[in-house]
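Beneath this line is the structure, given in C-alpha cells, with notes to follow.
Whatever order the structure lists them in is the order used to number ligands and atoms, beginning at 1. What you see below is based on every heavy atom in this structure, not just the backbone, and it leaves out hydrogens, waters and symmetry mates. Since the model is a prediction, treat every value here as computed from it, not as a measurement.
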Amino acid sequence: MAICAVYTTQLNPTCSFSTPASKTQTQLGFGFGFCQKQQVVFYKRSQSSSRRASVSLITCSAGGQETVVIGLAADSGCGKSTFMRRLTSVFGGAAEPPKGGNPDSNTLISDTTTVICLDDYHSLDRTGRKEKGVTALDPRANNFDLMYEQVKAIKEGKAVDKPIYNHVSGLLDPPELIKPPKILVIEGLHPMYDQRVRDLLDFSIYLDISNEVKFAWKIQRDMAERGHSLESIKASIEARKPDFDAYIDPQKQYADAVIEVLPTQLIPGDNEGKVLRVRLIMKEGVKFFNPVYLFDEGSTISWIPCGRKLTCSYPGIKFTYGPDTYFGNEVSVLEMDGQFDRLDELIYVESHLSNISTKFYGEVTQQMLKLSDFPGSNNGTGLFQTIVGLKIRDLFEQLIASKAKTPVEATRA
Ligand SMILES: Nc1ncnc2c1ncn2[C@@H]1O[C@H](COP(=O)(O)OP(=O)(O)OP(=O)(O)O)[C@@H](O)[C@H]1O
Ligand SMILES: O=C(CO)[C@H](O)[C@H](O)COP(=O)(O)O
C-alpha cells in the first residue's frame with residue numbers, strides 16, 4: 001500500500017506516483033478503484049501565528065490490489081457453472097475463455113472475475129487414473145502443492161502459468177497464463193480440501209446437492225443432452241460415491257455458505273427432484289458477511305407467501321428462517337420449498353428479505369429475470385445463488401475498502 005500526501009496539485013516526492021494528482025483523483029470515481037482520497041486539515045505554527053492548511057491523502061494499492069479469492073466446491077454436475085454465470089453477471093460483463101488460447105480451456109474471464117477450474121490441477125490424466133485405479137476425486141490424482149503455490153501467487157498479485165486439464169482428450173495440455181484479477185474464483189472438487197489452500201480463501205461456498213436431486217440432474221443432462229444410458233449414469237454415480245463421501249462432502253463443514261438442495265417436503269413421498277427444497281446455510285461471525293434474514297433477524301419464522309400478492313400453483317411455496325448449528329458452528333438458515341409461477345412476482349418475496357446486499361430496490365428480481373433461462377430460475381437454487389452472488393460483491397467491496405483504509409499517515413515533503 002503506497003500512501004501519498006498531495007499538497008494541492010504538487011506530488012509528494014517520496015511517493016512513487018507518476019500520475020499527476022488531478023489524474024489520480026479522477027480514478028477515485030471507479031466502482032472498484034485502486035485509490036482513495038482523504039482530506040486532512042492541520043495547522044502550521046510559527047512563533048507569531050498559526051495558519052490553517054490542508055493536505056489530500058491518496059491511498060493506493062501498490063502495483064495493483066491484492067486479489068480476493070472465493071472458493072466454490074461441489075461434485076461434478078451440481079450446478080457450479082450455472083452459479084458462476086450468475087455470479088459474473090452480478091459484476092456485469094460477459095465471462096469468456098481466455099482470448100486466443102486453448103479452445104478447451106476451463107477458465108472464464110470477465111472484467112472483474114477470473115474463474116479457474118480446479119480440474120486443471122489433476123496430476124493424473126484419464127489414462128493415468130485408470131492405470132492406478134483412482135478417481136479424479138481422490139487427492140492422489142491432484143497436485144495440491146501446485147494449487148496452493150499458484151493460488152497464493154495470484155492472491156499476491158503475480159501471474160502464473162496454470163496447467164489445463166482437457167476434458168475432451170482426457171490429457172494435461174500445455175499451461176495458460178493467468179493474470180491476477182480483482183476476484184479469483186476457484187471452483188471444483190477440492191477448493192477446501194487442503195488447509196493451505198483453504199486458508200487463502202476470503203469466502204467459501206459449498207453446493208450440497210442431495211443424491212436424489214443429483215441423480216435427477218445427471219439424467220436430465222447426461223441422458224437427454226449427452227446420450228448416456230440410465231445404467232451408465234447410475235454406475236458412474238455409484239463408482240464416485242465412496243470418494244465423494246471421503247474427500248468432497250466433508251468440505252462443507254468449512255464453507256461460509258452452503259446451498260443445500262433436497263427434494264420437496266410439500267409433496268409427501270416425492271423424490272422426483274423437480275420441485276425442490278433449498279436451504280441457504282450462512283455461518284455467523286464471518287467478516288464482511290452478514291447473513292440474510294426474513295422479517296426479523298434471529299427469530300424463527302415460517303411463511304407461506306401464497307395469497308394475494310404471489311401466484312402459487314400446487315404444491316405452493318413455503319419459506320422458513322431461523323438460527324441453527326451446523327458442524328458445531330452457529331448459522332442462520334433460510335429455506336425455500338416450492339417454485340415460483342411468475343418470476344416478476346419475486347419482488348414481493350425480495351421486499352421481505354433483509355441484508356441481501358442489493359444496490360437498489362428489486363435488484364434480486366432483476367437479476368433473476370435477466371437470467372430466467374438458467375436452470376433453477378424458478379426455485380430456491382436460482383434465488384439463493386443470486387443472493388450469494390450479491391453478498392460476494394458486497395464482501396469484495398468491503399474488503400477493498402478496508403484495505404484502502406489501513407493506517408493512513410501523511411508523509412510530508
Ligand atoms: N438449479 C438447477 N436446477 C435444475 N437443474 C440444474 C440446476 N443446476 C444445474 N442443473 C442441471 O445440472 C446440469 C449441470 O449443471 P452445471 O453445468 O452448472 O454443473 P457443473 O457442476 O458445472 O458441472 P460439471 O462439473 O460437470 O461441468 C445442468 O445442465 C442442468 O441440467
Ligand atoms: O469430477 C470431475 C470434475 O469435473 C471430472 O470427472 C474429472 O475432472 C475428470 O474429468 P473427465 O471425466 O473429463 O476425465
* **Residues Asp199, Arg196: salt bridge by 4.0 Å N-O rule** => no

* Asked: Is it true that a side-chain atom of Ser377 and a backbone atom of Phe374 form a donor plus acceptor pair closer than 3.5 Å?
  -> yes

* To do: Write out the residue and atom name of the closest protein heavy atom to atom 25 (O) of ligand 1, then the distance separating them to 0.1 Å.
  => Lys80 NZ, 3.1 Å

* Which word best sums up how the rings of Trp303 and Phe319 line up, parallel for under 30°, tilted for 30 to 60°, or perpendicular for over 60°? -> tilted

* Any idea which protein heavy atom is nearest atom 30 (C) of ligand 1, and the distance to it? -> Gln220 NE2, 4.0 Å

* Asked: How far is atom 18 (O) of ligand 1 from its nearest protein heavy atom, and which residue and atom name does that atom have?
  -> Thr82 OG1, 2.6 Å

* Nearest neighbour in protein (non-hydrogen) for atom 2 (C) of ligand 1 -> Trp217 CZ2, 3.3 Å

* His190 ring center near Phe144 ring center (under 6.0 Å) -> yes

Could you go through ligand 2 and note, for every N or O atom, any protein N or O atom closer than 3.5 angstrom, writing the atom names and distance to 0.1 Å, or 'none'?
from     : atom 1 : to     : atom 2 : distance (Å)
ligand 2 : 1 (O)  : Arg240 : NH1    : 3.1
ligand 2 : 1 (O)  : Arg240 : NH2    : 2.7
ligand 2 : 4 (O)  : Asp119 : OD2    : 2.9
ligand 2 : 6 (O)  : Arg240 : NH1    : 3.2
ligand 2 : 8 (O)  : Asp119 : OD2    : 3.3
ligand 2 : 8 (O)  : His122 : NE2    : 2.7
ligand 2 : 10 (O) : His167 : ND1    : 3.2
ligand 2 : 13 (O) : Arg126 : NH2    : 3.0
ligand 2 : 13 (O) : His167 : ND1    : 2.8
ligand 2 : 14 (O) : Arg126 : NE     : 2.8
ligand 2 : 14 (O) : Arg126 : NH2    : 3.3
ligand 2 : 14 (O) : Arg129 : NH2    : 2.8
ligand 2 : 14 (O) : Tyr165 : OH     : 2.6

* Any Ala74 heavy atom less than 4.0 Å from ligand 1 -> no

* Asked: How close does the nearest protein non-hydrogen atom get to atom 19 (O) of ligand 1, and which residue and atom is it?
  -> Gly79 N, 2.9 Å

* What are the atoms of ligand 1, with element, lying closer than 4.0 Å to any heavy atom of Cys78? -> 19 (O), 20 (P), 21 (O)

* Could you verify whether a donor N or O on one side chain and an acceptor N or O on the other, from Lys391 and Ser357, lie under 3.5 Å apart? => yes

* Flag for Thr386-Gln367: side-chain donor and acceptor within less than 3.5 Å -> no

* Identify the protein heavy atom lying closest to atom 23 (O) of ligand 1, giving its residue, its atom name and the separation to 0.1 Å. => Gly77 N, 3.0 Å

* Asked: Which residue pairs pass the side-chain hydrogen bond (donor to acceptor under 3.5 Å, both in side chains) test with at least one member in residues 326-339, sequence neighbours excluded?
  -> Thr264-Asp337, Arg277-Glu335, Arg279-Glu335, Glu284-Ser332

* To do: Would you please classify the geometry between the Tyr321 ring and the Tyr293 ring as parallel, tilted or perpendicular, with 30° and 60° separating the classes?
  => tilted

* Using only heavy-atom distances, determine whether the side chains of Thr311 and Glu345 contain a donor-acceptor pair under 3.5 Å. => yes

* In the protein, what heavy atom is nearest to atom 22 (O) of ligand 1, and what distance, to one decimal place, separates them? -> Ser81 OG, 2.5 Å

* Asked: Okay, side chain of Gln251, backbone of Ile248: is any donor-acceptor separation there less than 3.5 Å?
  -> yes

* **Nearest-option assignment for atom 27 (O) of ligand 1, heavy atoms, candidates Arg221, Met84, His167** => Arg221

* **Per-atom contacts of ligand 1 with Gly376, taking only distances under 4.0 Å to non-hydrogen atoms** => 1 (N), 2 (C), 3 (N)

* ligand 1 and Thr381, any nitrogen or oxygen pair closer than 3.5 angstrom? -> yes

* Asked: Do Thr82 and Gln385 have side-chain N/O donor and acceptor atoms under 3.5 Å apart?
  -> no

* Looking only at side chains, do Asp173 and Asn166 share a donor and an acceptor under 3.5 Å apart? -> yes

